[in-house]
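Each remark here refers to the structure printed beneath this line.
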Amino acid sequence: MFLSNISFEGKTGIVTGGTKGIGLATAKQFAQMGGKAIVIGRGEQSGAEAVAEIGNGAVFYSIDLGNSDAVVSGFEKIIEEQGRIDVLINNAGIVNTDDFDKLEKADWDKIIDVDLTAVFLACQTVFRHMADNGGGRIVNVASIAGKVGGGYLGTAAYASAKAAVIALTKAVAKAGCAKNVYCNSLCPAYTKTPLVEKRLVGEKLDKVLAATPLHRGADPMEVASAILFLASDAASYIQGENLNCDGGMLMDG
């Protein structure tokens with residue numbers, strides 16, 4: 001699965017959570033289409049492995065997205081060292097599956113810090129850079145959990161964070177219209193990443209597939225293709241929108 005008619009030649013893009021799953025698939029496609037991928041993750045070993053797999057001059061930065069100061073300083077360092085940033089893809093996230101009545105405040109805070117606050121800070125830091133350098137494109141990866149209030153792999157905290165990411169995307173888009181900064185979001189559903197496939201098994205998997213009109217999970221490359229469409233010049237008249245990539249689960253307007 002490859003967007004062969006779209007090019008990122010000469011462009012540099014940041015992908016958070018880019019060492020595995022959807023993020024790795026996105027960074028690989030971005031590089032295959034001519035771009036230089038800057039991958040953000042935590043582990044140095046997984047980062048080195050991802051960079052080797054991506055190729056085309058990919059670079060890894062380790063940033064703790066749960067630490068607000070580290071997010072700002074980390075992104076400022078990337079901009080200083082790498083120069084112009086054309087694309088930002090906020091893909092990284094963590095999941096909490098606790099029932100609402102058992103959700104601890106500390107766990108709520110952890111999800112909000114990584115899945116929402118880090119997205120805000122990354123958007124803001126890169127937005128300022130893009131606005132000063134002729135524009136750019138931001139794509140925030142949310143989730144259908146943010147539209148339906150949670151699901152099998154993400155409940156109250158996760159759903160709340162992802163719903164807020166969708167709203168944040170619209171706010172960034174409104175601020176970016178006069179500055180040639182585009183911002184859109186994407187809501188995946190069940191995607192066959194190693195982490196999800198370990199957790200979504202048995203009856204849970206059967207229920208998800210039954211609720212999916214296509215009756216299968218997405219390959220990470222399929223989600224990556226949707227992300228990169230929004231990150232490309234092909235989406236030149238799309239601003240502040242959310243794209244479902246969910247196999248037909250919602251079909252909302």
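All residue numbers refer to positions in the sequence shown, counting from 1.
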Shortest non-hydrogen contact from K179 toward A131:
CD-CB, 3.6 Å
Any donor-acceptor pair under 3.5 Å linking the side-chain atoms of S225 with those of Q29?
yes
For T19, does its backbone N or O pair with a side-chain atom of S46 as donor and acceptor, under 3.5 Å?
no
Does some side-chain heavy atom of V15 sit less than 4.5 Å from a side-chain heavy atom of I40?
no
List for me each residue that meets salt bridge (charged side-chain N to carboxylate O under 4.0 Å, His left out) alongside K207, sequence neighbours excluded, and say none if there are none.
E203
Determine, for D86 against R137, whether the closest basic-nitrogen to carboxylate-oxygen distance falls under 4.0 angstrom.
no
Set of side-chain hydrogen bond (donor to acceptor under 3.5 Å, both in side chains) partners for D98, sequence neighbours left out:
N96
List for me each residue that meets side-chain hydrogen bond (donor to acceptor under 3.5 Å, both in side chains) alongside N242, sequence neighbours excluded, and say none if there are none.
S185, N244
Please table the atom pairs, donor to acceptor, closer than 3.5 Å between any side-chain atom in residues 111-128 and protein atoms at least two apart or in another chain.
{"unit_1": "D115", "atom_1": "OD1", "unit_2": "I94", "atom_2": "N", "d": "2.8"}
{"unit_1": "T117", "atom_1": "OG1", "unit_2": "I112", "atom_2": "O", "d": "3.4"}
{"unit_1": "T125", "atom_1": "OG1", "unit_2": "L121", "atom_2": "O", "d": "2.8"}

Note, T12 side chain near V87 side chain (heavy atom, < 4.5 Å):
no
Which atom pairs, donor and acceptor, lie under 3.5 Å between side-chain atoms of residues 188-199 and protein residues at least two apart or in another chain?
{"unit_1": "T191", "atom_1": "OG1", "unit_2": "A189", "atom_2": "O", "d": "3.1"}
{"unit_1": "T193", "atom_1": "OG1", "unit_2": "V196", "atom_2": "N", "d": "3.3"}

Hey, what else clusters with F100 if you join Ile, Leu, Val, Met, Phe, Trp, Tyr whenever side-chain heavy atoms sit under 4.5 Å?
none
Could you tell me whether K110 and E104 make a salt bridge, using a distance below 4.0 angstrom between a side-chain N and a carboxylate O?
no
In the hydrophobic clustering (ILVMFWY, side-chain contacts below 4.5 Å, transitive), which residues join V39, or is it alone?
L24, V51, I54, F60
By ring pair (Phe, Tyr, Trp, His ring centres under 6.0 Å), which residues pair with Y158, not counting sequence neighbours?
none
Restricting to side-chain hydrogen bond (donor to acceptor under 3.5 Å, both in side chains), what partner residues turn up for K20, sequence neighbours left out?
none
Could you list the donor-acceptor pairs under 3.5 angstrom formed by side chains in residues 160-175, with sequence neighbours left out?
{"unit_1": "S160", "atom_1": "OG", "unit_2": "A156", "atom_2": "O", "d": "2.7"}
{"unit_1": "K162", "atom_1": "NZ", "unit_2": "V141", "atom_2": "O", "d": "3.1"}
{"unit_1": "T169", "atom_1": "OG1", "unit_2": "N140", "atom_2": "ND2", "d": "2.9"}
{"unit_1": "T169", "atom_1": "OG1", "unit_2": "V165", "atom_2": "O", "d": "2.8"}

Please report, to 0.1 Å, the donor-acceptor pairs under 3.5 Å made by any side chain of residues 70-81, with sequence neighbours excluded.
{"unit_1": "S73", "atom_1": "OG", "unit_2": "D69", "atom_2": "O", "d": "3.0"}
{"unit_1": "S73", "atom_1": "OG", "unit_2": "A70", "atom_2": "O", "d": "3.3"}
{"unit_1": "E81", "atom_1": "OE1", "unit_2": "Y61", "atom_2": "OH", "d": "2.6"}

Identify the two heavy atoms, one from G150 and one from A159, that lie closest to each other, and give their separation to 0.1 Å.
N-CB, 3.4 Å
Taking every heavy atom of A226 against every heavy atom of L186, the minimum-distance pair comes out as CB-CD1, 3.3 Å
Between T212 and M249 (side chain of the first, backbone of the second, donor and acceptor by atom type, cut-off under 3.5 Å), is there such a pair?
no
Which residues pass the side-chain hydrogen bond (donor to acceptor under 3.5 Å, both in side chains) test with K102, sequence neighbours left out?
none
Salt-bridge test for R84 and D132: reply yes if a basic N is under 4.0 Å from a carboxylate O, no otherwise.
no
